[in-house]
Amino acid sequence: MSISGNWDRLISRRRFVGLGGVGAAAVAFGAAPSSLSRAIGAPGFRSDPFSLGVASGDPQPDGVVLWTRLAPEPFDGGGMPERAVPVHWEVADDERFAKIVAHGRLLARPELAHTVHVEVQGLRPGREYFYRFRVGTEISPTGRTKTAAAPGAMHPLRFAFASCQHYEHGFYTAYRHMADEDLDIVFHLGDYIYEYGPGEYPSSSGLPRSYSRPETVTLEDYRDRYAVHRGDKDLQAAHQAFPWVVAWDDHEVKDNYAATTCAGVDPAAFARRRAAAYQAYYEHMPLRRASAPRAGGMRLHRRVDFGELVRFNVLDTRQYRGADSLLGMDQERWLLEGLRRSSARWNVLAQQLPFAPRDPALGDAWDGYPAARNRMGAALAEPAVSNPIVLSGDVHSNWANHILADYDNPDSEAIGTEFVGTSITSGGDGTDRTARATRGMTVNPHVKFFNGQRGYVRCRVTESDWRTDYRVVEYVTREGAEISTRASFVTQDGNPGLSLL
């Protein structure tokens, strides 16, 4: 069916299935098909085992990853027995599951917190699908996903990107609005959780909700912290509506860590903490097995292609840092080689930290790695790299920048465009403009836009142009804020830079 023509009905039904109990799910789905017959050995549950929702991610032309976690007691270790539990899954062409196109069974294992990562294959490119899980008599909410476009295709793409969602700083109202958008995919650019203990990172606009556990250190700590975030119904709605592509920043482990070190933390203790954080991240994200943690780390940098329209180079700016490279030299070479070989109309770096010069005092950024930024700028300027775009997060504010060939020369030509997205909640309610940002724009003429409110960034990409809308809410410290478009820009194919709409 057409997602745009039936979206209201789909959202209403999704909320019904997600909020209803077992009886509501049974009525909605009708008689269970054979692939959803009772799982032998499945435990009985006193409460909903799908309390953390469902998700999909990392789409390819022929498939996608499906995710869920069995957690009837989500905030206290999950509440599952210390044994593997069989979980059935289905994918259908329609939300009523009249035409099932793929199904199977796998085990949710305690060593992965009873999470499952289903790598579905054999689907058709550029198509929406619906999926669900079942354990025993319990049926999950229905999720919607979509495969990537076929190789060579140039179909328009609609997506959003977001970052920085401190649970204590506000409500995830922006995600509820995002779930109502007409999108093909969502990119999350880091700080999915925050590691602090209750009240350790205050906001000037207050803390409308709080953690009940101390700072995350152990694997169990990180699992429970993800459960707190995943339990939010607005975040669940956005995961349920679209496939996501995710990458981390620092707060998934500890603030301002770099590679294998963190200031003030014993190296051996930090190694154990990082390993625990990486495992919990994998467990709670719709990632492929290729991203599963291994000795020494976890590979998150990867390419996501949508035909020949867009290539997304998803980067990891935390794990491999060296003295002269934010990405580490191996990842940097991987990126540069991929850019030079790309045949995509638009070539995107989806990463965490602001790329263009701004104000080093405002936080972590490429400003601290000028040699690496110069190497990257030279690569983006090569004629073989068509329409370079950089997507960034981290700084809890919206920016739109020209990427210049020479930042020491304000009249230097633009070689690309950067869109920096604000936070979902981090920093509290926010404000439209600040005196500091205004001064920064004066000394950095390549900066064309600033806004300090909360929200996300929505983009529509075609062969001829790239449109970016900065979507903001007025407040996050209480529920119910409306969404609006603060500013919109367009970048034309073959003409780097921004035009305000």
**Q** Are Leu349 and Leu335 close enough that some pair of their side-chain heavy atoms sits under 4.5 Å apart?
**A**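 Leu349 reaches Leu335 side chain to side chain.
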
**Q** Any heavy-atom pair between the side chains of Arg321 and Tyr369 that's under 4.5 Å?
**A**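 Sidechains of Arg321 and Tyr369: in contact.
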
**Q** Is any side-chain heavy atom of His117 closer than 4.5 Å to one of Tyr282?
**A**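 Tyr282 reaches His117 side chain to side chain.
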
**Q** Side chains of Val461 and Leu309, heavy atoms from C-beta outward: is any pair under 4.5 Å?
**A**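 Val461 reaches Leu309 side chain to side chain.
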
**Q** Considering the options Trp67, Phe159, Phe161, Tyr175, which one meets the ring-ring contact (aromatic ring centres under 6.0 Å, His included) requirement together with Trp244?
**A**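 Option passing the ring-ring contact (aromatic ring centres under 6.0 Å, His included) with Trp244: Tyr175.
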
**Q** Donor-acceptor pairs are to be reported for all side-chain atoms of residues 490-501 against protein atoms at under 3.5 Å, with residues two or more places apart or in another chain.
**A**
unit_1	atom_1	unit_2	atom_2	d
Thr491	OG1	Gly497	O	2.8
Asp493	OD1	Asn387	ND2	2.6

**Q** Would you confirm whether Gln240, through its side chain, and Thr142, through its main-chain N or O, come within 3.5 Å as a donor-acceptor pair?
**A**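 The answer is yes, because a donor-acceptor pair under 3.5 Å joins these two groups.
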
**Q** Using every non-hydrogen atom in the two residues, find where Ser397 and Phe450 come nearest and quote the distance to one decimal.
**A**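 What the structure gives for the nearest pair is CB-CE1, 3.5 Å.
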
**Q** Between Arg486 and Asp432, is there a side-chain N and carboxylate O pair less than 4.0 Å apart?
**A**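 Salt bridge flag = yes for Asp432 with Arg486.
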
**Q** Hey, are Lys146 and Asp184 close enough for a salt bridge, meaning a charged N less than 4.0 Å from a carboxylate O?
**A**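 A salt bridge links Lys146 with Asp184.
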
**Q** Has the side chain of Arg273 got a donor or acceptor atom that lies under 3.5 Å from a matching backbone atom of Thr216?
**A**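 Flag set: sc Arg273 to bb Thr216 pair under 3.5 Å.
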
**Q** Parallel, tilted or perpendicular: which fits the ring planes of His166 and His169, with parallel below 30° and perpendicular above 60°?
**A**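 His166 and His169: parallel rings.
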
**Q** Would you say Asn401's side chain and Glu418's backbone share a donor-acceptor pair under 3.5 angstrom?
**A**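 Absent.
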
**Q** Taking the six-membered ring where the residue is Trp, are the ring centres of Trp399 and Phe419 under 6.0 Å apart?
**A**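 Centroid distance Trp399-Phe419: not below 6.0 Å, so no.
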
**Q** What do you reckon, are the aromatic ring centroids of Trp248 and Tyr257 less than 6.0 Å apart?
**A**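 Judged by ring-centre distance (under 6.0 Å), Trp248 and Tyr257 do not meet the cut-off.
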
**Q** Are Glu283 and Arg69 ion-paired here, with the side-chain N under 4.0 Å from a carboxylate O?
**A**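 A salt bridge is absent here (no side-chain N lies under 4.0 Å from a carboxylate O).
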
**Q** Would you say Asn374 has more than 12 foreign heavy atoms packed within less than 6.0 Å of its CG?
**A**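 Counting other residues, nucleotides and ligands, CG of Asn374 exceeds 12 neighbours.
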
**Q** Tell me whether His239 contacts the main-chain N or O of Leu235 through its side chain, where contact means a donor paired with an acceptor under 3.5 Å.
**A**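 A pair under 3.5 Å: no.
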
**Q** Between Arg454 and Tyr475, do the side chains contain an N or O donor and an N or O acceptor separated by less than 3.5 Å?
**A**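 No, no side-chain donor-acceptor pair sits under 3.5 Å.
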
**Q** Measuring centre to centre across the rings, with the benzene-like ring taken for any Trp, is His155 within less than 6.0 Å of Phe306?
**A**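 Ring centres of Phe306 and His155 not closer than 6.0 Å.
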
**Q** Any Lys/Arg nitrogen of Asp469 or Arg467 sitting under 4.0 Å from an Asp/Glu carboxylate oxygen of the other?
**A**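 Looking at Asp469 and Arg467, the cut-off is met.
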
**Q** Do Arg375 and Glu332 have side chains that get closer than 4.5 Å, going by heavy atoms?
**A**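 Heavy-atom side-chain distance check passes, below 4.5 Å.
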
**Q** Are His301 and Tyr320, when compared by the centres of their aromatic rings, separated by less than 6.0 Å?
**A**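 For His301 and Tyr320, the ring centres are under 6.0 Å apart.
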
**Q** Do Leu287 and Arg302 come within less than 4.5 Å of each other through their side chains, counting heavy atoms only?
**A**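 Touching, per the 4.5 Å side-chain cut-off.
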
**Q** So Glu168 and Ser210, side-chain hydrogen bond (donor to acceptor under 3.5 Å, both in side chains) or not? Walk me through it.
**A** CA-CA 5 Å; Glu168 290 190 309; Ser210 181; 3.2 Å; yes

**Q** Is it the case that the ring center of Tyr456 lies less than 6.0 angstrom away from the ring center of His188?
**A**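 Judged by ring-centre distance (under 6.0 Å), His188 and Tyr456 do not meet the cut-off.
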
**Q** Are Tyr211 and Tyr194, when compared by the centres of their aromatic rings, separated by less than 6.0 Å?
**A**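 No, they do not, as the ring centres are separated by 6.0 Å or more.
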
